[in-house]
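Working notes for the structure below.
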Number of protein chains: 2
Amino acid sequence: MNEKVERCLEQHVHPELLAHVKLDMPDVEDLYDLAELFKVFGDSTRIRILYVLFESEMCVCDIAALLNVSQSAISHQLRVLKQARLVRNRRDGKTVYYFLADDHVRAIIGQGMDHIKE
Amino acid sequence: MNEKVERCLEQHVHPELLAHVKLDMPDVEDLYDLAELFKVFGDSTRIRILYVLFESEMCVCDIAALLNVSQSAISHQLRVLKQARLVRNRRDGKTVYYFLADDHVRAIIGQGMDHIKE
DNA sequence: CTAACATATGATCATCTGTTCATATGTTAT
DNA sequence: ATAACATATGAACAGATGATCATATGTTAG
């Protein structure tokens with residue numbers, strides 16, 4: 001592979017600090033997972049689905065109707081949300097109800113909302 | 001435009017609840033902004049930059065060296081982070097130092113980390 | 001079993017994204 | 001003014017993403 005390290009001729013931060021930063025960085029893998037998680041929040045359809053589920057569990061077809069998005073699109077997005085463990089579901093006959101997996105979802109979205117509102 | 005509303009033959013949630021959910025939804029515009037914000041967190045290079053800035057302000061070239069990413073790529077990403085008001089910068093001679101704009105960044109990333117760690 | 005409904009899934013396609021490369025801009029020292 | 005360094009920016013291209021369409025799967029009623 002090619003060498004990408006570019007180094008300032010003079011380092012602008014103390015070498016000890018650089019070392020410290022490196023040590024304090026989480027594993028690359030965790031950082032990757034973290035980015036993947038936020039990617040899931042980074043789509044307005046998915047954000048809207050999550051907001052709907054803030055209030056109540058709901059079936060696919062009601063979510064689709066409420067958000068005016070096709071059943072297929074909602075189903076695909078629910079799959080993404082489920083894989084990210086942000087929602088879970090339960091089946092009741094023909095109907096599948098989705099609900100928030102835990103309260104991190106509210107916390108994360110809440111913090112995001114604080115930021116854009118300030 | 002085409003009609004996308006698909007409605008369940010029988011509604012599975014109470015109509016009052018549906019109405020309530022609609023009322024409680026933030027403006028479409030805010031939801032869009034929120035998704036845009038999370039999109040910014042949804043890239044591992046940008047997440048890594050933010051983590052570096054957790055510890056200390058840092059110049060572009062030190063960030064690039066630390067993360068082993070080209071100066072150009074870092075600069076492009078810092079621009080994205082700045083536009084999202086997640087980082088700010090100050091110039092000192094030839095050097096431009098970037099630093100976290102506020103503590104929402106830590107809070108949001110912290111919540112995300114909690115989620116993936118559980 | 002069959003029809004009808006609810007949901008899931010695979011393929012396709014247009015659009016968006018992140019990196020690279022080349023180059024421009026800004027700053028300092030000589 | 002000029003060279004050298006630090007950063008920013010625009011074009012271009014490969015890879016990712018989200019909606020649509022067609023269809024498959026799962027479930028219940030008759």
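Note that the structure is a prediction, hence the values are computed from the model and not measured. Chain naming here is simple, since letters A, B, ... match the order of the sequence lines and numbering starts at 1 in each.
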Taking [Y]'s backbone N and O only, do any of them form a donor-acceptor pair with [X]'s side chain (distance below 3.5 Å, no angle check)?
X        : Y       : result
B/Arg48  : B/Leu67 : yes
A/Arg90  : A/Tyr98 : no
B/His115 : A/Ala84 : yes

Look at [X] together with [Y] and state whether they make a salt bridge at an N to O cut-off of under 4.0 Å.
X        : Y        : value
A/Asp103 : A/Arg106 : yes
A/Lys39  : B/Asp43  : no
A/Arg88  : A/Asp102 : no

Practice prompt. State whether A/Tyr97 and A/Arg91 meet the cation-pi test: NZ (Lys) or CZ (Arg) under 6.0 Å from the six-membered ring centroid, and within 45° of the perpendicular axis.
Written response: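 That pair does not qualify as a cation-pi contact.
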Tell me: [atom1] of [X] to [atom2] of [N], nearest whole Å?
X       : N      : atom1 : atom2 : result
A/Ile47 : D/dG18 : CD1   : C1'   : 15 Å
A/Arg90 : C/dA8  : CZ    : C1'   : 18 Å
B/Glu36 : C/dC16 : CD    : C1'   : 11 Å
B/Leu81 : D/dT7  : CG    : P     : 16 Å
B/Ile63 : D/dA6  : CD1   : P     : 14 Å
B/Gln77 : C/dT17 : CD    : C1'   : 9 Å
B/Asp43 : D/dA16 : CG    : P     : 13 Å
A/Leu78 : D/dA19 : CG    : C1'   : 15 Å

Discussion item. Heavy-atom nearest nucleotide on DNA chain D for A/Gly42 versus B/Asn89: which residue maps closer to 5'?
Written reply: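 Whichever sits nearer the 5' end wins; that is B/Asn89.
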Worksheet item: Can you check whether B/Ser70 has a side-chain N or O nearer than 4.0 Å to OP1 or OP2 of C/dT20?
Response: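 It does, given that an N or O in the side chain of B/Ser70 lies less than 4.0 Å from OP1 or OP2 of C/dT20.
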Worksheet entry | Under 4.0 angstrom between A/Tyr98 side-chain N/O and C/dA8 OP1 or OP2 |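 Yes, A/Tyr98 has a side-chain N/O under 4.0 Å of OP1/OP2 on C/dA8.
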Practice prompt. For A/Leu37 and B/Gly112, work out which heavy atoms get closest and say how close.
Written response: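 Scanning both residues, the minimum pair turns out to be CD2-O, 3.6 Å.
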Fill in: Plane angle bin for B/Phe38 and A/Phe41 - parallel if under 30°, tilted between 30 and 60°, otherwise perpendicular
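Taking B/Phe38 first and then A/Phe41, their aromatic rings sit tilted (interplane angle of 30° to 60°).
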Worksheet item: Taking the side chain of B/Ser75 as its heavy atoms from C-beta onward, which of C/dT17, D/dA8, C/dT7 lies nearest to it?
Response: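 Among C/dT17, D/dA8, C/dT7, the one nearest the side chain of B/Ser75 is D/dA8.
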Discussion item. I need a per-nucleotide contact map over nucleotides 25-30 of chain D, read 5' to 3'. Cutoff is protein heavy atoms under 4.0 Å; write B for the base, S for backbone only, - otherwise.
Written reply: -BBS--
Please tabulate, one pair per line, each protein N/O and nucleotide N/O from nucleotides 10-15 of chain D that are separated by under 3.5 Å, including the distance.
unit_1 : atom_1 : unit_2  : atom_2 : d
D/dG10 : O6     : B/His76 : NE2    : 2.8

Discussion item. On the side chain of B/Gln71, is there an atom forming a donor-acceptor pair with the base of D/dA8 - under 3.5 Å, no angle test?
Written reply: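 Donor-acceptor pair under 3.5 Å: yes.
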